[in-house]
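Heads up: the structure comes next, in structure tokens.
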Amino acid sequence: MRQHTHPFVPYRPDRYDEAEMVRRGKDFVSFLERRRSVRFFSDEPVPRACVDLAIAAANTAPSGAHLQPWKFAVIGDAETKHRIRVAAEEEERVNYEGGRIPPEWRAALARLETDSDKGYLDVVPWIVVCFAEKSTAMPDGSLRKNYYVNESVGIACGLFIAALHAMGLSTLTHTPNPMGFLTEICERPGNERPYILFPIGYAAADCEVPDLTRKSLAEATAESPGMR
């Protein structure tokens, strides 16, 4: 038996026969294939419990040294949502109308038909801003350095999105650049930086999304030399 210097507990994940493994995998891919980023939302209320469950799902993500370097700020009041919209649109006008976005980026965005109007931030019942903790404040006032922050927070945000989709909710990964205004509006400390802003709600009854295709399995897969 292995000897450990820190507490360990048994782990026995579920196992399935090969046919069931493949079936479950196909079902999961089919479920995720129906997820789309949304920019047209309903103002219909969404239970706060759904937001909390999505955060709980994000909290299961692996992280560097299990330091979980994330914080999810939840905004549900109209005044704060509007402040966020005004500040986001100010930055986005510089991006879109002010020329801060380079031509190559503008060309890549053209088929999405995005612009500086972020009116959906006033419409959605919830906004959640994920903050990445480059360091974490400890009870004694010191700061503990975190490791693999971008990787850890990115995985947590992916699980957050999947959880929202599982509950029939829609969102968008909005990353206005720069995002420093979110630190001030959400009253977060300097050891955290805004990572992604998520508007959360039901898709509008007349919601439309760009007609896009995703990479094929072959395009997304690279075989190692020994597998070719």
Side-chain angles (χ1 to χ4, degrees), residues 28-61 68-78 80-89 91-92 95 108-109 111-132 150-177 179 181-183 185-186 188 192-214:
F28 190 59
V29 171
S30 177
F31 162 72
L32 290 179
E33 279 283 6
R34 297 192 294 273
R35 186 209 60 79
R36 295 297 303 269
S37 295
V38 163
R39 293 175 175 82
F40 302 96
F41 290 89
S42 166
D43 62 358
E44 184 178 351
V46 169
R48 168 63 189 264
C50 294
V51 176
D52 291 340
L53 285 167
I55 296 172
N59 230 20
T60 69
Q68 301 181 278
W70 50 70
K71 190 78 71 177
F72 290 84
V74 181
I75 300 101
D77 65 287
T80 306
K81 286 188 293 181
H82 187 66
R83 287 181 64 198
I84 290 174
R85 175 190 176 179
V86 169
E89 288 184 336
E91 294 296 349
E92 294 288 47
N95 287 334
L109 290 172
R111 60 181 176 169
L112 305 181
E113 296 186 3
T114 58
D115 56 30
S116 59
D117 181 3
K118 307 303 174 188
Y120 53 76
L121 295 176
D122 274 330
V123 175
V124 289
W126 300 102
I127 292 174
V128 171
V129 181
C130 180
F131 286 85
N150 284 338
E151 296 85 346
S152 302
V153 178
I155 296 169
C157 286
L159 292 177
F160 182 78
I161 293 167
L164 292 173
H165 181 56
M167 291 182 281
L169 296 170
S170 294
T171 191
L172 168 72
T173 52
H174 181 37
T175 52
N177 184 28
M179 292 197 288
F181 65 88
L182 291 169
T183 299
I185 293 175
C186 297
R188 301 310 306 160
E192 300 175 6
R193 63 177 177 81
Y195 191 82
I196 295 177
L197 183 159
F198 296 100
I200 296 169
Y202 298 106
D206 59 350
C207 177
E208 294 181 322
V209 296
D211 185 9
L212 305 175
T213 57
R214 295 183 167 104

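- The salt bridge (charged side-chain N to carboxylate O under 4.0 Å, His left out) test applied to D52 returns R48, not counting sequence neighbours.
- In summary, of the residues considered (V38, L164, I161, V124), a side-chain contact (heavy atoms from CB on, under 4.5 Å) with L169 occurs for L164 alone.
- Between H174 and Y120, the ring-plane angle classifies as perpendicular under the 30° and 60° cut-offs.
- Atom OH of Y202 has more than 12 heavy atoms from other residues, nucleotides or ligands within 6.0 Å.
- Separation of atoms CZ (F41) and SG (C207) is listed at 7.5 Å; rounding is to 0.5 Å.
- Not one N or O on the side chain of T80 forms a donor-acceptor pair closer than 3.5 Å with the backbone of D77.
- The backbone N or O of P176 sits nowhere less than 3.5 Å from a side-chain atom of E91 that would complete a donor-acceptor pair.
- With respect to R39 and D115, no salt bridge is recorded, no charged nitrogen being found less than 4.0 Å from a carboxylate O.
- How far OG1 of T183 is from CZ of R193: 10.0 Å, rounded to the nearest 0.5 Å.
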Please evaluate residues F160 and F198 with respect to the criterion ring-ring contact (aromatic ring centres under 6.0 Å, His included), reporting the C-alpha separation (whole Å), side-chain torsions for both, the decisive distance (0.1 Å), and the verdict. CA-CA 10 Å; F160 182 78; F198 296 100; 4.9 Å; yes
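- By the neighbour-count criterion of 12 heavy atoms within 6.0 Å, atom NZ of K71 is sparsely surrounded, having that number or fewer from other residues, nucleotides or ligands.
- Heavy-atom neighbours of F31 CZ from other residues, nucleotides or ligands within 6.0 Å: above the threshold of 12.
- Proximity of I75 to W126: side-chain heavy atoms (C-beta onward) are nowhere separated by under 4.5 Å.
- The 12-atom threshold is exceeded at CD of E151, counting heavy atoms of other residues, nucleotides or ligands nearer than 6.0 Å.
- Judged by distance alone, the side chain of Y195 and the main-chain N or O of N150 form a donor-acceptor pair under 3.5 Å.
- Here the side chains of R36 and L212 are in contact, with some heavy-atom distance below 4.5 Å.
- Counting heavy-atom neighbours within 6.0 Å of R111 CZ, excluding the residue itself, gives a total of 12 or less.
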